[in-house]
There are 2 protein chains.
Amino acid sequence: MLEAADTLFAQADGPERVTMDAIAAACSVGKGTLFRAFGSRAGLLDALWATKIDALRASVESGVAPFRQETLPQQRLAAFLDLILTFKLDNRHLIRALEFGPGILQSPHYRWMLGVTAGFIEEGMGSPPEGVVLYNAHTLLAALHIDLIEDMLANGLSLDTIREAQARRVYMAVGITESDYKTLVRT
Amino acid sequence: MLEAADTLFAQADGPERVTMDAIAAACSVGKGTLFRAFGSRAGLLDALWATKIDALRASVESGVAPFRQETLPQQRLAAFLDLILTFKLDNRHLIRALEFGPGILQSPHYRWMLGVTAGFIEEGMGSPPEGVVLYNAHTLLAALHIDLIEDMLANGLSLDTIREAQARRVYMAVGITESDYKTLVRT
DNA sequence: TGACTTTCGGACCATGAGTCCAGATTTACG
DNA sequence: CGTAAATCTGGACTCATGGTCCGAAAGTCA
């Protein structure tokens, strides 16, 4: 049932074009059933997102590949954000639908990403000023808005350029110590 | 006419609650007239935004106060972003309506902000790697999404904390030279 | 088989953006 | 002025879409 919806989103040119009626039809099921199962459009999108994101979650939490404990937090963070980037591009229509609805920031999935990101940042920085960790985590994720990414891609930035700039930014957000920052500002 | 709409947005608790019918009624005008004047809801929002943003535009382009040529680009950028922050908070409902609609990134107003931001960054950095200026400009602005700001405010970060973190980030985006960055990464 | 419960599906409702045209208002002109 | 043409106005109407609801179908048990 989710698969049918997923296919529809993947094929459609815009997420707004995928109506609940269309999804119900694609599942050869009544609209009532669809709504009984997911409660609302948002619920359906959430459920879809959940199935998609489980792979990410698993690889991060089971500490394999670039996420083993020995790897520098900076590198784990960079790898994590890069993973999210490709994930979003792979599911751009679904993600677009999610990010245009209100309340993504409250969604458990976003909250999870935020927590992971903040964790890596905290590991990487010493004891940063109050709020900086959370701010940096939020803004790193904000740089991954699908709309923004696609706009950059459509305006001449290559995916690799974006990747590099993002990595650069990660090191800046995490790798610089407070004292480095202070000497920098003082000049 | 725009004033009436503005008042409605300011009073309503959510921008979705402000319907075109309501605006037409508040203007004591027919819906037809409203649509003839602005073309669509998006057009109306845009027109409203334009009137609001003109003040910002003027102060930045006329080079007064924190925007005189002598001021460091970093400081001008920080001042600019801070201005946008307060501007967005002052007009949160309107801005929310804009940012939830698709295509803000294409809007001339956003493009203007992007240009100004990128200009300051370029002034402040030497000759950064291809695409970094644009990337940094985009992501600095992305950190100002009203939804994000309000979420942070609702989760214990004070406005001053956000301001400080933002300033910090500006200096990192602009103030660090390429060689500083490289020695940093190498460690 | 027959009474009772659960689930299904699509007709139906509510809402809000955008259209359209009959009438009002203004302009043009003799 | 008076009248005809041109323009403008407002709100009734269409249309799309998320969400509800109820009669029917299917399942369950004795």
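Chain letters run A, B, ... following the sequence lines, proteins first, then strands; residues in each count from 1.
Legend: side chain to side chain donor-acceptor pair (under 3.5 Å) pairs involving residues 47-58 of chain B, not counting sequence neighbours, sorted by first then second residue: B:Asp6-B:Lys52, B:Lys52-B:Asn91.
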Under 3.5 Å, which donor-acceptor pairs link side chains of residues 76-85 of chain A to any protein atom two or more places apart or in another chain?
residue : atom : partner  : partner atom : Å
A:Arg76 : NE   : A:Thr71  : O            : 3.0
A:Arg76 : NH1  : A:Glu123 : OE2          : 3.4
A:Arg76 : NH2  : A:Thr71  : O            : 3.2
A:Arg76 : NH2  : A:Glu123 : OE1          : 2.8
A:Asp82 : OD1  : A:Arg163 : NE           : 2.9
A:Asp82 : OD2  : A:Arg163 : NE           : 3.0

Donor-acceptor pairs are to be reported for all side-chain atoms of residues 139-148 of chain B against protein atoms at under 3.5 Å, with residues two or more places apart or in another chain.
residue  : atom : partner  : partner atom : Å
B:Thr139 : OG1  : B:Tyr135 : O            : 2.9
B:Thr139 : OG1  : B:Asn136 : O            : 3.1
B:Thr139 : OG1  : B:Arg169 : NH2          : 3.2
B:His145 : ND1  : B:Glu99  : OE1          : 3.1
B:Asp147 : OD1  : B:Arg96  : NH2          : 2.5

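Of the residues in residues 95-105 of chain A, none has a non-hydrogen atom less than 4.0 angstrom from any atom of DNA chain C.
Judged purely by atom type and a 3.5 angstrom limit, B:His93 has no side-chain atom pairing as donor or acceptor with the backbone of B:Gly14.
When side chains are defined from C-beta on, B:Ile121 counts as touching B:Thr117, because their heavy atoms get closer than 4.5 Å. No side-chain heavy atom of A:Leu157 sits less than 4.5 Å from a side-chain heavy atom of A:Leu153. Looking at A:Asp46 and A:His109, their side chains come closer than 4.5 Å, going by heavy atoms from C-beta outward.
Bounding nucleotides for the chain A contact on DNA chain D, 5' to 3', at a heavy-atom distance below 4.0 Å, are D:dT17 to D:dC21.
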>> Before you tell me yes or no, could you show the steps for B:Met20 and B:Phe38 under side chain to side chain contact (heavy atoms under 4.5 Å, CB included), namely the whole-Å CA-CA distance, both residues' side-chain angles and the distance that decides it to 0.1 Å?
In response: CA-CA 11 Å; B:Met20 292 302 271; B:Phe38 298 105; 5.9 Å; no

>> Is there a salt bridge (charged side-chain N to carboxylate O under 4.0 Å, His left out) between A:Arg111 and B:Asp151? Walk through the geometry before answering.
In response: CA-CA 12 Å; A:Arg111 240 55 216 193; B:Asp151 185 85; 3.3 Å; yes

>> Test side chain to side chain contact (heavy atoms under 4.5 Å, CB included) on A:Phe35 and A:Leu44; report intermediate values, then the result.
In response: CA-CA 9 Å; A:Phe35 275 88; A:Leu44 170 62; over 6 Å; no

Identify all pairs in which a protein N or O lies below 3.5 Å from an N or O of nucleotides 15-19 of chain C, and state each distance.
residue : atom : partner : partner atom : Å
C:dA17  : OP1  : B:Arg41 : NE           : 3.1
C:dA17  : OP2  : B:Met20 : N            : 2.9
C:dA17  : N7   : B:Lys31 : NZ           : 3.4
C:dG18  : OP2  : B:Arg41 : N            : 3.0
C:dG18  : N7   : B:Lys31 : NZ           : 2.8
C:dG18  : O6   : B:Lys31 : NZ           : 2.4

